[in-house]
Amino acid sequence: IASCLVGSEMCIRDSMQTDLSGQGAVAPAPLADRPAAAPLVSVEDRKVLAATLVGSAIEWYDYFIYVQAAGLVLGSLFFAPFARENPELSLILSFATVGVAFLFRPLGAIVCGHLGDRYGRKRVLAATLILMGVSTALIGVLPTYAQIGLWAPVILVGLRVLQGFSAGGEWGGAALMAVEHAPVGRRSLFGAFPQIGVPLGMIVATGVLWCITALVGADNFMAWGWRISFLLSIALIIVGVFIRRAVEESPVFLQMRSRRSHSSAPLGTLLRQHPRQIAMTTLIFVGNSTAGYLLVGFFISYGSRALHMPAQQVLMICTLAAACWLGTTLLGGWLGDRIGRVRTFQVGYVLLALWAIPMWWLIESGNPALFTLALAVLSVPLGLTYGPQAALYAEMFPADVRYSGVSAGYALGSILGGAFAAMIAQSIISATGQSWLVGLYVVVMAAVSFIAVTLVKDKPGTTLHAD
């Protein structure tokens, strides 16, 4: 994907180069500050885009495989007493374990951001990938409530904490590796590559669950087949670490290290000098996070349990929606370089608010085609409010606290938005019987994010290097 999309731009730029022979040699500009018209897509650029995309996709596969399993099987296996007496309560508790991991994202963001600002983005990214893979694989061998009783949900929550910690540190590093390697005029597009790791991870996760269900059958999937999807993480992590090892460290961090300009206490500096930026990055993300995690985890469970659609059919619908989300995220990254990051976000959140309630009329029909249409249209505002995020956030913080800042804002936005979105949605429907009220909940969150991004000044040409 990285080679095809960016390679086409390389050919166009190469044809636009001017012959500078006879002029004095000029040292090349730092990678992140090279002009957009420069012949930029080198072998190293492709490695960076591939590494941020593949690593992010693998990390989010691990995360999403749990979210989707929570809606399908984990409630009955790890909260068995509640499943027998109150199936809806066991489902809510299962979704609550999804939210618990979000609560530890800020800790991961703080620790990994601090380490990334002091010791480099590359090392921290490798560590978060390994931690996520190990915790995911351990869930695949975890005994259920019927086997070890109360220890089963306790250990499950503990492994979810490790997943949350890892996810909190992953996004900021991947986003900065892409954006800090990018030319000024293409930061938003480059920054969209780790972003599409999210829908790509969802595609792989839902695709794996669909294949396993089709191969072993529904009964065997409930008994043992679901474990295969978690154990596959081991192979994926080996691939991801191998790819990321081949990538050079961020040029911005290398410059800071050579000038000894990194902060000795980036977290303290961040909290003292940039509280407004933390608040804005948090609120900008809550709308996207809320709707995104409904797509990721809730709709699969809702379609199969409430609408009684075949699980394989719902998984395929959500896979198609994720594919649309991947495309619209790239579109959002491209638009962020053309019309500005803030304007792209604003358009996306207006569309999200307009679609959040009407989509439920299509979903409630139980018709597979209309269900697919509802989620495909939802992917448009999701992509527009996700594609330019990495570039916008990177440009809001100085280099010495950037990893800490973008990670903290992303993690906190995930808590206020997506952490308990599935649980809240299920609670709303259980209490009122009116699914469209979930859409109203999404509208409110989209409005909050629209106001927040409107208060931010776009800085597409600002330098990302240390002062």
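We're numbering straight along the sequence, starting at 1.
Here CD1 of Ile300 is found 11.5 Å from CE of Met316. Values are rounded to the nearest 0.5 Å. In this structure, CD1 in Ile429 is found 12.5 Å from CD1 in Ile424, a value given to the nearest 0.5 Å. A distance of 10.0 Å separates CZ in Phe397 from CG in Leu176, rounded to the nearest 0.5 Å. Distance check, rounded to the nearest 0.5 Å: CH2 of Trp226 to CG of Leu231 gives 9.0 Å. Once rounded to the nearest 0.5 Å, the distance linking CG of Leu335 with OG1 of Thr344 reads 5.0 Å. How far CZ of Arg338 is from CG of Leu331: 11.0 Å, rounded to the nearest 0.5 Å.
You'll find the side chain of Phe299 stays beyond 4.5 Å of the side chain of Val314, heavy atoms only. Between Ser135 and Gln163, some side-chain heavy-atom pair lies under the 4.5 Å cut-off. By the 4.5 Å heavy-atom criterion applied to side chains, Val198 and Trp325 are counted as neighbours. Leu330 has its side chain out of reach of Trp334: every pair of non-hydrogen atoms, C-beta onward, lies at least 4.5 Å apart. You'll find the side chain of Gln426 stays beyond 4.5 Å of the side chain of Phe420, heavy atoms only. Proximity of Ser449 to Phe285: side-chain heavy atoms (C-beta onward) are nowhere separated by under 4.5 Å. In this structure the side chain of Leu392 reaches within 4.5 angstrom of the side chain of Met396, judged on heavy atoms. Two residues are said to be in side-chain contact when any heavy atoms from C-beta on lie closer than 4.5 Å; Phe78 and Leu142 meet this criterion.
Here the closest non-hydrogen pair linking Pro388 and Gly336 is CB-CA, 4.2 Å. Thr328 and Ser379 make their closest contact through OG1-O, 2.7 Å (heavy atoms, listed as atom of the first residue, atom of the second, distance). The minimum heavy-atom distance between Gly332 and Leu384, with the atom names listed, is CA-CD2, 4.0 Å. A pairwise comparison of heavy atoms in Phe193 and Ile196 identifies O-CG1, 3.1 Å as the closest pair. Minimum heavy-atom separation, Ile357 to Gly439: CG1-C, 3.7 Å. In terms of heavy atoms, Leu375 sits closest to Cys318 at CD1-SG, 4.0 Å.
Crowding of Arg343 atom CZ: a count of heavy atoms from other residues, nucleotides or ligands under 6.0 Å not exceeding 12.
When each of Asp219, Ile212, Thr213 is checked for a side-chain contact (heavy atoms from CB on, under 4.5 Å) with Val216, only Ile212 meets the rule. For the side-chain contact (heavy atoms from CB on, under 4.5 Å) with Arg341, the qualifying choice from Glu395, Gln346, Gln389 is Glu395, the only one to do so. The only option from Val347, Thr385, Leu378 that meets the side-chain contact (heavy atoms from CB on, under 4.5 Å) definition with Leu352 turns out to be Leu378.
Remark: side-chain polar atoms of Ser56 are paired, donor with acceptor, to backbone N or O of Pro194 under 3.5 angstrom. Without hydrogens or angle criteria, Ser304 side chain to Ser301 main chain gives a donor-acceptor distance under 3.5 Å. The main-chain N or O of Gly418 is found under 3.5 Å from a side-chain atom of Ser289 such that the two form a donor-acceptor pair. A distance-only check finds no donor-acceptor pair linking the side chain of His114 to the backbone of Ile110 [under 3.5 Å].
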Task: Test salt bridge (charged side-chain N to carboxylate O under 4.0 Å, His left out) applied to Glu180 and Arg402, step by step - done: CA-CA 11 Å; Glu180 290 178 348; Arg402 186 172 296 135; 2.9 Å; yes
- [ ] Test Met445 against Asn288 for side chain to side chain contact (heavy atoms under 4.5 Å, CB included), laying out the working first.
- [x] CA-CA 8 Å; Met445 302 302 277; Asn288 178 283; over 6 Å; no
TODO: Check step by step if side chain to side chain contact (heavy atoms under 4.5 Å, CB included) holds for Ile139 and Arg227.
DONE: CA-CA 8 Å; Ile139 293 175; Arg227 296 182 183 274; over 6 Å; no
TODO: Applying side chain to side chain donor-acceptor pair (under 3.5 Å), run through Gln277 and Thr281 and close with a yes or a no.
DONE: CA-CA 6 Å; Gln277 287 92 324; Thr281 51; over 6 Å; no
- [ ] Take Val342 and Thr454, measure what side chain to side chain contact (heavy atoms under 4.5 Å, CB included) needs, and give me the verdict at the end.
- [x] CA-CA 7 Å; Val342 169; Thr454 302; 5.7 Å; no
Open item on the list: Could you walk me through whether Phe79 and Thr97 satisfy the side chain to side chain contact (heavy atoms under 4.5 Å, CB included) test, starting with their C-alpha distance in whole Å, then the side-chain angles of each, then the deciding distance to 0.1 Å, before giving a yes or no?
Closed with: CA-CA 11 Å; Phe79 300 94; Thr97 64; 3.6 Å; yes
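When only modelled atom types and interatomic distance are considered, Gln195 and Trp171 share a side-chain donor-acceptor pair under 3.5 Å. A donor atom on one side chain and an acceptor atom on the other are not found under 3.5 Å apart for Glu170 and Tyr410.
With a 6.0 Å cutoff to the six-membered ring centre and a 45° limit on the axis angle, Arg105 does not count as a cation-pi contact of Phe165.
Note: Trp360 and Tyr302 meet the aromatic proximity criterion, with ring centroids under 6.0 Å apart.
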